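Below is one structure, written out as structure tokens; comments come after it.
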Amino acid sequence: MKRYNPADIEPKWQSIWEDQARYIATDNDSKPKMYVSGMFPYPSGSGLHSGHAFSYTIVDAIARFYRPHGYNVLNPMGWDTFGLPAENYAIKTGMAPSVVTKQNIANFKNQFKRMGVSVDWSREINTSDPEYYRWTQWIFTQFFNKGLAYQKESMQWWCPVDKTVLANEQVEGGKCWRCGSEVEKKSMKQWFFKITDYADSLLKEIPNLDWPDKIKTAQTNWIGKSEGAEIDFVTAERDDRIRVFTTRPDTLFGATFLVVAPEHPLVRSLVNDDTREAVDSYITASLKRSDIERMAESKEKTGVFSGSYAINPATGSKIPIWIADYVLGGYGTGAIMAVPAHDERDFAFAEKFKLPIIKVVEAPSRDEQIYHGEGTLLSSGEFDGMATSEAREQIVNWLEAQGVGAIKTTYKMRDWLISRQRYWGAPIPIIHCPEHGAVAVPEAELPVKLPNVEDYAPKGDGKSVLASVEDWVHVDCPTCGGPALRETDTMDGYACSSWYLLRYADPKNETAAWDPAIANYWSPVDYYVGGDHAVAHLLYVRFWAHVFKDMGLINHREPVKKLVYHGYVNAEDGRKMSKSLGNVIDPLDIIDQGYGADTLRTYVLFMGPIELDSAWSSQGVGGVHRFLNRVWTLTQEYLAAEVAPNDDIAASLEQIRHRTIKKVTNDYRELSFNTATAALMEYVNELYKAKTTGFTMAWRLQLETLVQLLSPLAPHVSAELWEQLGNDQPLDTAMWPHWDDSQIKTDTITLAVQVNGKLRATLELPADVTKEAAIEAALASENVARHVAETGPKKTIYVPGRLINIVS
RNA sequence: GCGCGGGUGGUGGAAUCGGUAGACACGAGGGACUUAAAAUCCCUUGGCCAUAACGGCCGUGCGGGUUCAAGUCCCGCCCCGCGUACCA
């Protein structure tokens, strides 16, 4: 009898699948389409990790489940290749990032194949391939032409010694991570995508998404819509207007001071000779504080009096204007009216700097020191006694009549900064002309290819290495033909990954990013699988789709129908896997150790519900392998046995077969792979019990059903056993088995009998038993009779097919 | 702080509508096979008490409540994980 040896059968089936191009998807097929994809990987030098194994096994199981249901399945794969690791490796070794990337892709691809994924490799894409980023650049120019890509001065961390911009994470304790010198904030011209134009559009669709609530809430909070009002305060000294944003215009009478952010443009004009020095040093100090420091200090407020006063338009009183960094320059108007009686932050500030606190809202019940809820107005002139919700409207109307206030909606979300001063990214396709400013590179001249360079290390001038490639930088202006300069920044990698799901639909198109007819056939993605990027990628990919819809490039607004957001795979010790802890499980090792890909795949799906984090268990892997081995052995025993030449089989077994098809099918549909696997294990246990009475011809159907149901999890062993059972038609082209509900019905039912809610007996009764007969049988049961009080049953609850509860 | 998850045996986890808590698997214990081990197969396995039992009590983070019946619903807490961070 042949032993189960994955090392034999897995390569065999992998090459059959590849040679027969079994998983090539057909555009515009008449079959219903099913588009499943994982978030494409960054091909690192270290190969697939357990998270990859988990993610793409989920994808593949979905794909392999839907194909036999008659779907035209698209299961593509590609590579998210731009980014820092490849560039750093290039700086260290001098090897071109494109070369390193090519090697890593080859390794990843080989490892994916060894996992038995049913991917359509003819659609493979790579974001650093000029044929791909050509269209990323084309999309950029479309955004630019629509005003959705623009340049703006913005504050960046700047190291004066290295003369380079630093990311937030590269500033440690206010010092440069490289040279240790004190960093400063510097205003620099950067490229942005105007995602804020789509804030409402993105927000509005969130409730309709079939996505986990966790992600939907995260995106809602990230967009951070808040409705309120803008109110103008006039300064007492110079008649300047300071505009503030507030969500609580109803508390206007309690505004006892204003606070402006250190970056506020009017700060200069607010100071006088007495305050100038203090204000200057405060601003310098606060600009230097890193975000991390500001976070750590959290509630401890700092600030300085500007020297000026403003008039509260409601009370007419003179209130001081302070400068403090608890007010953020980038949000609202960068200035607020402080109402310390009804806002915790304002209260903390007022306490520290001894500023007046005026209560203007009466809390409905208990009295709190700082009440920010709804209530009734007091000390608010003509608005006294009015409900806060009502007053919010009335006070804005009243201000609006005087031309000093209006309703206003703001968002926390900022525009998306996409320029990077790095080599290994898609060059921003812009040419700067002294005459015409920024001009988009014409479509015919795309792609703007990355030039080859000798040294990938930044030159220290705050620009990307590209700026030093003289003959690349100097070009003619597309508009006037005069001398002009290329933009030398590259795009954030997230730009490349914001549209790749559409490129999979039409990956070889040389005249367009995609053909709308093909993209509209495949898109949106039916199942998008990943466990990372709650907002960034998952918001950007939505943003671009919304823009594409408005541009008429696709006919739908949302790119992802169902988001499958899975948990992390932790190490055996429950901690995160990391090289330094030495607890990393390499999924390829599991295959190499002889367990095989089928065990790996089945195990990662059996660990638990996919949305939960899990800890790896070597013993669990062994358990799953034992299960697959049992399936193998059972089939071998059947094939080797003298099969009785009749179709007799225990009726219960056929019933279990139908029940298992139903359970497993429904579980797969719900992506409940762990319970589907459990049901298959139960089925196998039943078959083992039944085989002691000998095999008949009817067993073939049992075993065929078993391997079919198993095939999404363990495709190799399933295909092998299917073939050994004598099927000429390949398993992955056979239709999924059907179940018949009438076959699942049993002649008898098990009824639980409770007395006063406690289980006292279980009865086997005919399925069509009447209520009366069931109760009679229950009362006749010895143990039940003993527990029913002498007074007899007072009341009887009967749940057909489930239980009887006798209340006595 | 706020938001979102979660808390069930020694462990991972099951449990459509409120209806037999602990499916399935791991681990553990016992047995069969074997010269022996591995592998494989079979049995037992929430705790406690009874063991003559087809028996009893307790049990889903804690405290209340609704109900014939609560892991599941309601109220009040505790703990853990993740996300977020002064957004006026």
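Throughout, protein chains are lettered first and strands after them, A, B, ... in sequence-line order, and every chain is numbered starting at 1. In this text, all values refer to a predicted model and were calculated from it rather than measured experimentally. Computation of the quantities below employed the complete heavy-atom set of this structure, encompassing side-chain atoms and omitting hydrogens, waters and symmetry-equivalent molecules.
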Does [X] reach a base, just sugar-phosphate, or nothing at all? Heavy atoms under 4.0 Å.
X      : result
A/P609 : sugar-phosphate
A/N783 : sugar-phosphate
A/T750 : base
A/K412 : base
A/V807 : sugar-phosphate

From A/R659 atom CZ to A/D741 atom CG, the distance as rounded to the nearest 0.5 Å: 12.5 Å
Of all the choices, [options], which nucleotide is nearest to the side chain of [X] once you look at every atom?
X      : options                : result
A/Y331 : B/rU20, B/rA88, B/rG5  : B/rA88
A/R760 : B/rG19, B/rA88, B/rG56 : B/rG56
A/K301 : B/rC58, B/rG3, B/rC86  : B/rC86
A/K758 : B/rC58, B/rG5, B/rC68  : B/rC58
A/N629 : B/rC86, B/rG19, B/rU40 : B/rU40
A/L328 : B/rG13, B/rA88, B/rG56 : B/rA88

Report the distance from atom [atom1] of [X] to atom [atom2] of [N], rounded to the nearest whole Å.
X      : N      : atom1 : atom2 : value
A/I797 : B/rG18 : CD1   : C1'   : 13 Å
A/Q219 : B/rU84 : CD    : C1'   : 14 Å
A/F673 : B/rG12 : CZ    : C1'   : 18 Å
A/I806 : B/rA69 : CD1   : C1'   : 13 Å
A/Y688 : B/rU40 : OH    : P     : 10 Å
A/D573 : B/rU11 : CG    : P     : 17 Å
A/E782 : B/rG56 : CD    : P     : 10 Å
A/N221 : B/rG1  : CG    : P     : 17 Å

Check whether any side-chain nitrogen or oxygen of [X] sits under 4.0 Å from OP1 or OP2 of [N], and answer yes or no.
X      : N      : value
A/H372 : B/rA88 : no
A/K214 : B/rG5  : no
A/T220 : B/rG3  : no

What form does the base of B/rG59 take, syn (within 90° of 0) or anti? anti
Using a 90° cut-off around 0 for syn, call B/rC17 syn or anti. syn
If I pick the [atom1] atom on [M] and the same atom on [N], what distance separates them, to the nearest angstrom?
N      : M      : atom1 : answer
B/rG46 : B/rC54 : P     : 15 Å
B/rU11 : B/rC4  : P     : 30 Å
B/rC74 : B/rA88 : P     : 30 Å
B/rC58 : B/rU8  : C1'   : 15 Å
B/rC33 : B/rC48 : C1'   : 37 Å
B/rG71 : B/rG61 : P     : 10 Å
B/rU16 : B/rG30 : C1'   : 38 Å
B/rA69 : B/rA25 : C1'   : 31 Å

For A/F257 and A/F353, what are the C-alpha separation, side-chain angles and deciding distance, and is it a ring-ring contact (aromatic ring centres under 6.0 Å, His included)? CA-CA 11 Å; A/F257 57 100; A/F353 295 103; 9.0 Å; no
In 5'-to-3' order, the base (B), backbone-only (S) or no-contact (-) status of each nucleotide in nucleotides 21-26 of chain B, using a 4.0 angstrom heavy-atom cut-off, is --BBSS
Is the number of heavy atoms from other residues, nucleotides or ligands under 6.0 Å of A/W222 CH2 greater than 12? no
Using salt bridge (Lys or Arg N to Asp or Glu O under 4.0 Å), reason through A/R392 and A/E374 one step at a time and then give a plain yes or no. CA-CA 11 Å; A/R392 274 207 273 286; A/E374 303 294 333; 2.9 Å; yes
Could you go through the ring-ring contact (aromatic ring centres under 6.0 Å, His included) check for A/W416 and A/Y494 one step at a time? CA-CA 10 Å; A/W416 170 14; A/Y494 278 123; 7.1 Å; no
Check against side chain to side chain contact (heavy atoms under 4.5 Å, CB included), A/N666 and A/W739: CA-CA 11 Å; A/N666 288 334; A/W739 80 86; 4.2 Å; yes
Under the rule of Watson-Crick or G-U wobble with both distances under 3.5 Å, where | means paired to another strand and [ ] a crossing pair, RNA chain B maps to (((((((..(((......[....)))((((((.......))))))((((.....))))..(((((..]....))))))))))))....
Does NZ or CZ of A/K576 come closer than 6.0 Å to the centre of the six-membered ring of A/Y568, within 45° of the ring's axis? yes
So if I apply the side chain to side chain donor-acceptor pair (under 3.5 Å) rule between A/T599 and each of A/H625, A/R626, A/Q593, which one comes out positive? A/H625
Please compare A/W222 and A/A752 by the position of their nearest nucleotide in RNA chain B and report the one closer to 5'. A/A752
5'-most contact on RNA chain B: A/R248 or A/S614, nearest heavy atom basis? A/S614
Does a donor on one side chain sit under 3.5 Å from an acceptor on the other, for A/T196 and A/Y411? no
Any donor-acceptor pair under 3.5 Å linking the side-chain atoms of A/R243 with those of A/T333? no
Any donor-acceptor pair under 3.5 Å from A/R601 side chain to A/L713 backbone: yes
Please verify the inter-ring angle class for A/F245 with A/Y331; under 30° counts as parallel, over 60° as perpendicular, anything in between as tilted. perpendicular
